[in-house]
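Written below as structure tokens is the structure these notes are about.
In what follows, chains are A, B, ... by sequence order, proteins preceding strands, each numbered from 1. For clarity, every value in this text was computed on a predicted model and none was experimentally measured. The figures that follow rest on heavy atoms only: side chains count, while hydrogens, waters and symmetry mates do not.
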Amino acid sequence: MSTAATATTSALTNLILKSTNRQSLIKSLICPTIHWTPLLVNTILKHLWNHGPKALQFFDILLQNHPTYVHSASSFDHAIDVAARLRDYATVFTLLHRMRSLRLHPTPKTFAIIAERYVAAGKPDKALKIFLSMHQHGCFQDLRSFNTILDVLCKAKRVEKAWNFFKILRGRFQADVVSYNTIANGWCLIKRTNKALDTLKEMVEKGLSPNLTSYNIMLKGYFRAGQIEEGWKFFLEMKKRRCEIDVVTYTTVVHGLGVVGEVKRARKVFNEMVDKGVLPSVATYNALIQVLCKKDSVENAVSVFEEMLRKGYVPNSITFNVVIRGLCHKEQMEKAMEYMDMMRDNDCGPNVQTYNIVIRYFCDAGEIGKGLELLEKMSSENCLPNLDTYNILISSMFVRKKSDDMVVAGKLLIEMVDRGFMPRRLTFNRILDGLLLTGNQGFAKEILRLQTKCSRLPRQFKL
DNA sequence: TCGCACCCCC
């Protein structure tokens, strides 16, 4: 996007965040000088991702009040994702029906989003149900969408459920190598490497051949399960039998060896890939840098970071976050802040994860004030705090129960609820205890009312 | 469909 467009986006995002009155917001947004496009709408929705109610309000104002602009299907997908994450299923279905009435057909992606949110909310059966009812919403199921629902279940570690569902429907959808790989990967995610192997064997019996992805999945599975020597043997076997091992294979091994402290072997593999003509990717560098930070020294990690710059690689936010975490861990906070500035210069963040890292280290060092300063700083950069940010800050305030801290914690709690995050019961109770112990009875009552409201009402955000 | 980070706390 151009600089002018970015400026417009920030200005609009701020306008939406600051507004307290729907009518005046409508007046500001429905204005002939603003040229609404799906790209602009989607960018703003992404910025508002950590303020779900505002995101939905914004989407709804254009939907209801704009005389000519019609949302795109992808914007609907974003809005549905936000509503589903808020567990506001009434709005999810309203939007789904609205899509159909506008003749924008919900896509397989739409259903994947809803299914994913259902599974995340602990409702995998609802996820299967929405998948099975896709055709009633004017969207046909095919092998791709079948594989997607399997993947959604597996990624949420509901592998047994995915496997049972798979066995029932694999005939109907003509399961392919992707379906089997997805299930095998699921078993690997829960460290059941033998089940993964069985799944792939069953695939072979059905006449399908494993591909490189199948092998990479098993390889990662061994390392994840702590079966390092099995992983290593598997890697050697891959090199011997299949000549086409790729950058993913190497990255898996570099990372797998590194996390168990085998830094020298990890480095050796990294060098070997260069010799064999397999070019490391940014992800490979990230894996190595992370491993050096955690198991070697941050100085060595930084020199690999500088090496990758010399070779012309463009570090991404993961690269920066890994280095920043390493520096924080070595209590080099100033250096960490310099890397944050570098991110700004490189036009890649800092993002909410970056802030969470440094806020966390400041808080752990007892410098809550600096943590709160960074919270301010991030909003000024249009980077909204997420659930983790609030949890980090609030829990740090219980190290010593200072009265002022308790009030700040209470205010943060109110803010997070306002933005659609559901604090855990423990968080509520700790803040209540803290306020009562420090003589803030009035504020405690307010928090208690909020808790009661949160637990009683089904989620439905007024649009 | 596979590789790299972040995160409440257990």
Side-chain angles (χ1 to χ4, degrees), chain A residues 50 143-144 146-152 154-155 162 175-189 196 199-200 203 208 210-224 231 235 238 245-256 258-259 266 269-270 273 278 280-294 301 304 308 313 315-326 328 343 348-361 363 385-396 398 416 421-427 430:
Chain A
N50 285 316
L143 177 58
R144 273 181 71 100
F146 179 57
N147 287 341
T148 302
I149 189 76
L150 294 177
D151 196 43
V152 164
C154 286
K155 293 271 161 62
D176 64 356
V177 60
V178 176
S179 327
Y180 283 94
N181 284 349
T182 302
I183 298 282
N185 187 47
W187 292 123
C188 286
L189 286 175
T199 302
L200 292 178
M203 173 179 87
L208 294 164
N211 54 20
L212 182 54
T213 301
S214 322
Y215 289 97
N216 285 339
I217 285 168
M218 280 313 305
L219 183 67
K220 176 72 194 171
Y222 285 125
F223 283 113
R224 193 191 323 259
F235 176 54
M238 281 173 78
I245 61 173
D246 67 356
V247 60
V248 176
T249 318
Y250 277 109
T251 305
T252 304
V253 177
V254 168
H255 182 256
V259 293
V269 173
F270 185 89
M273 70 185 287
V278 180
S281 63
V282 172
T284 321
Y285 271 101
N286 291 348
L288 182 62
I289 290 170
Q290 189 223 153
V291 153
L292 292 173
C293 277
K294 288 193 172 161
V304 172
M308 78 183 275
Y313 286 90
N316 58 24
S317 58
I318 296 177
T319 324
F320 282 106
N321 287 344
V322 166
V323 174
I324 287 170
R325 188 197 170 283
C328 287
M343 291 180 89
C348 97
N351 58 24
V352 62
Q353 282 84 6
T354 321
Y355 278 105
N356 286 346
I357 295 165
V358 284
I359 289 176
R360 186 189 149 93
Y361 275 96
C363 286
N386 65 13
L387 183 61
D388 294 330
T389 321
Y390 286 109
N391 281 330
I392 293 166
L393 279 163
I394 291 175
S395 54
S396 79
F398 293 95
M416 71 188 278
F421 295 113
M422 188 55 183
R424 287 164 304 170
R425 178 171 294 149
L426 179 77
T427 308
R430 282 164 105 188

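Contacts of A/Val247 with the nucleic acid, taken as non-hydrogen atoms under 4.0 Å apart, include base atoms. Residue contacts shown for A/Ile392 are limited to sugar-phosphate atoms, with no base heavy atom under 4.0 Å away. Among the heavy atoms of the strands lying under 4.0 Å from A/Ile357 are primed sugar atoms or P, OP1, OP2 only; no base atom is included. As judged by a 4.0 angstrom heavy-atom cut-off over every strand, A/Ser281 is placed among the base-contacting residues. Counting any heavy atom pair closer than 4.0 Å across all strands shown, A/Ser395 reaches sugar-phosphate atoms only and no base atom. At a threshold of 4.0 angstrom between heavy atoms, the contacts of A/Asn185 are confined to the sugar-phosphate backbone, with no base atom among them.
Defined by atom type and a distance below 3.5 Å, a donor-acceptor pair is present between the side-chain atoms of A/Asn316 and A/Asn286. Between the side chains of A/Ser214 and A/Asn211, at least one donor-acceptor pair of N or O atoms lies under 3.5 Å. Between the side chains of A/Thr252 and A/Thr249, no donor N or O sits under 3.5 Å from an acceptor N or O. Neither side chain, A/Thr182 nor A/Asn185, offers a donor N or O lying under 3.5 Å from an acceptor on the other.
Using the six-membered ring where Trp is involved, A/Tyr390 and A/Phe421 have ring planes that are tilted, between 30° and 60° apart.
Here the closest non-hydrogen pair linking A/Val323 and A/Cys293 is CA-SG, 4.5 Å.
Chain A approaches DNA chain B within less than 4.0 angstrom (heavy atoms of the protein), and the contacting nucleotides run 5' to 3' from B/dT1 to B/dC9.
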